[in-house]
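All chains are named by letter (A, B, ...) in the order of the sequence lines, taking the proteins before the strands, and each is independently numbered beginning at 1.
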Amino acid sequence: MQKGLTNFFEEYLARDTIFAEKKAIQSSYIPSIISHRDEQINQIASIIAPSLKSERVSNLFIYGKPGTGKTLSVKHTTSKLLELAKSKGVPLSTIYINCKLKKVADTEYRLIAHLARECGKDVPDTGLPTSEVYRMFFSSIGASEKTYLLILDEIDVLAKKAGDEILYNLTRINEELKNAQISLIGISNDLVFVDNLDPRVKSSLSEEEVVFPPYNAPQIQGILKERAQLAFKPGVLAEGVIEKCAAYAAREHGDARRALEVLRVAGELAERGNSPTVSISHIDQAEEKIEKDRISHIISTQPKQYQAILYSVLQTAEKKEHVFTGEVYEFYRALTAKTGLRPLTQRRVSDVIAEFDMFGIINAKVISKGRYGRTREIFLSPHLQTENVTLVLQKALDL
DNA sequence: AGGTATTCACATGAAACTATTCTCTGAGTTAGG
DNA sequence: TAACTCAGAGAATAGTTTCATGTGAATACCTGT
């Protein structure tokens, strides 16, 4: 057995890999040229260029669907700008913050605290009043005569969670500062996000706008080819693989990131299966694997209450194809009585079910049954392998 | 028959509450001078 | 007397509960024919 293991590892080492430069298709990879985004990059560049002369830069709002290269383009443009500023001695800083990251910048306090830390202040995670953190931030930034470009990625998440007051405060920061200047670059996946914004915030935040349209199939093919050329050894990709991958992404509203992920996973699958080439069937498998992994990851990391609720959904929906919230809740109450779990209210359970729907683990839609009320009609997702998940849940809930 | 009113069974929203984690402050305590 | 300790007051936050209000269409109930 152990001998076999050693052999396995040795073989693994000796094995010829199909990857040449694997990191070229990993999501963290930043390509040196960004295809099909010249127009947008030029727009961004011309908008932020005045910062090189220490002039005020208009606030910029960028939006487009996921995987359309927004973040990449902004990072690319600003890093070039920063390089130049450095060499010319222009006092310019960019601060990039992803507002979606939990525990980093998803509330007003944390966002400002993060900014203050970027400016060299030591701010605790909690305990201080928010106004105090603002003060610290101002005091550290206000001293120098510097221009800051503040890039807020996924700004819609922040606004949804913490309200648009923060954004209003941010747009007004300049009025409080004597020397320094701050300009905002907001990036959002949500296309209607701006419309639901407070008009005051809206007008000052989106002084300039840049739209990133989805990639079309040929463009995605182009991108995939470029990356694949770097990532894989020549001749590894079978005929039609790129096309298939691009077609998949086009279906997913032109999400290049997804396409690259599928290609990477397909490559990993091929390699693990000892196949010298990546074939079309690997793509299919990769798609499926990604979805499955996503679901099982979500399920296993959920808290107990969520698991209990999901278990209730599975159990009640098992034979019937669809169930209503009330039935799930009834089962759930019985379950909590049996397991000693503190039962949540129906209100809460309703929200949890809605969340599962968001995750795509189940399909729930609100229907009206006329005289018989209004409720959610819950279907199981076709991706969900009921038996497997049930087992996992049973174990987690020790039933 | 056609039209209006009810009604159900939750959905959805907002506010308030709970528990936890953390800072800051000032009173009390301690140890050394 | 300076340094230290420690409890209490305030904050931020996540996860809920409580209270209030909303809602879409199948039925019940009319109304005039």
Side-chain angles (χ1 to χ4, degrees), chain A residues 97-117 120-140 154 156-170 190 192-193 196-198 298-299 301-313 316-317 320 322-337 339-359 361-379 396-397:
Chain A
I97 296 180
N98 188 334
C99 305
K100 200 177 68 180
L101 295 181
K102 297 243 165 183
K103 310 279 178 189
V104 175
D106 59 342
T107 67
E108 177 170 24
Y109 180 93
R110 294 213 259 254
L111 176 68
I112 305 299
H114 191 93
L115 288 177
R117 279 188 208 116
K121 288 263 171 172
D122 190 20
V123 186
D125 290 339
T126 169
L128 298 184
T130 307
S131 54
E132 178 68 17
V133 183
Y134 265 108
R135 238 205 54 241
M136 291 170 82
F137 173 55
F138 285 140
S139 76
S140 68
E154 318 235 17
D156 47 330
V157 179
L158 177 67
K160 214 170 284 169
K161 250 202 85 181
D164 25 12
E165 267 167 71
I166 313 161
L167 300 185
Y168 182 65
N169 288 341
L170 283 175
D190 187 350
V192 293
F193 163 68
N196 305 329
L197 227 46
D198 186 318
I298 291 173
I299 290 172
T301 54
Q302 288 305 309
K304 257 205 163 129
Q305 292 285 7
Y306 282 57
Q307 293 177 335
I309 292 168
L310 184 60
Y311 182 70
S312 306
V313 172
T316 47
K320 294 169 51 184
H322 73 264
V323 275
F324 303 118
T325 306
E327 303 171 60
V328 173
Y329 188 65
E330 212 175 299
F331 187 95
Y332 165 77
R333 282 306 289 248
L335 184 68
T336 56
T339 59
L341 205 60
R342 191 176 57 83
L344 299 178
T345 45
Q346 180 158 313
R347 175 74 187 77
R348 182 68 186 129
V349 171
S350 173
D351 279 350
V352 173
I353 291 175
E355 272 186 60
F356 281 140
D357 180 41
M358 289 256 297
F359 288 147
I361 294 178
I362 58 176
N363 292 315
K365 75 178 175 222
V366 181
I367 57 155
S368 175
K369 292 187 290 169
R371 192 67 209 269
Y372 304 107
R374 230 164 97 86
T375 181
R376 276 201 179 81
E377 195 180 21
I378 303 165
F379 301 89
L397 298 165

Gap between atom [atom2] of [Y] and atom [atom1] of [X] - 0.5 Å precision:
X	Y	atom1	atom2	result
Arg110(A)	Ile97(A)	CZ	CD1	13.0 Å
Ile112(A)	Phe137(A)	CD1	CZ	6.0 Å
Arg376(A)	Thr325(A)	CZ	OG1	6.0 Å
Phe324(A)	Glu330(A)	CZ	CD	13.5 Å
Arg348(A)	Gln346(A)	CZ	CD	13.5 Å

(request) Look at the side-chain N and O atoms of Thr345(A) and state whether any lies under 4.0 Å from the OP1 or OP2 oxygen of dT17(C). (result) yes
(message) For dA11(C) and Thr126(A) - does any side-chain N or O of the residue sit under 4.0 Å from the phosphate oxygens OP1/OP2?
(response) no
(message) Once you apply a heavy-atom cut-off of 4.0 Å, does Gln346(A) come out as touching a base, just sugar-phosphate, or nothing?
(response) sugar-phosphate
(message) Students often get this wrong, so: under 4.0 angstrom with heavy atoms, is Leu344(A) touching a base, only sugar-phosphate, or nothing?
(response) sugar-phosphate
(message) So does Val366(A) get a backbone contact from the side chain of Arg374(A), meaning a donor-acceptor N/O pair under 3.5 Å?
(response) no
(message) Both Arg374(A) and Lys369(A) contact DNA chain C. Taking the nearest nucleotide for each, which residue is further toward the 5' end?
(response) Arg374(A)
(message) If you assign Tyr109(A) and Asp351(A) each to the DNA chain C nucleotide with the nearest heavy atom, which residue ends up on the more 5' nucleotide?
(response) Tyr109(A)
(request) Using the closest heavy atom to pick a nucleotide of DNA chain B for each, name whichever of Arg376(A) or Leu128(A) lands nearer the 5' end. (result) Arg376(A)
(message) Tell me whether the side-chain N or O atoms of Arg347(A) pair up with the base of dT17(C) as donor and acceptor below 3.5 Å, since no angle test is needed here.
(response) no
(request) Kindly point out which of dA14(C), dT13(C), dT16(C) is positioned nearest to the side chain of Lys161(A)? (result) dA14(C)
(request) Walking along DNA chain B from 5' to 3', note the first and the last nucleotide with an atom under 4.0 Å from a heavy atom of chain A, and give both. (result) dT7(B) to dC24(B)
(message) Ring-plane angle category for Tyr306(A) and Phe356(A), please: parallel below 30°, perpendicular beyond 60°, tilted otherwise.
(response) perpendicular
(request) State which residue, out of Val133(A), Leu158(A), Ile166(A), fulfils the side chain to side chain contact (heavy atoms under 4.5 Å, CB included) condition with Glu108(A). (result) Ile166(A)
(request) Please say which of Val323(A), Val352(A), Thr375(A) ends up in a side chain to side chain contact (heavy atoms under 4.5 Å, CB included) with Val328(A). (result) Val323(A)
(request) Specify the separation, in whole Å, of atom CG of Leu111(A) and atom C1' of dT13(C). (result) 16 Å
Protein N or O to nucleotides 5-8 of chain C N or O, pairs below 3.5 Å:
none

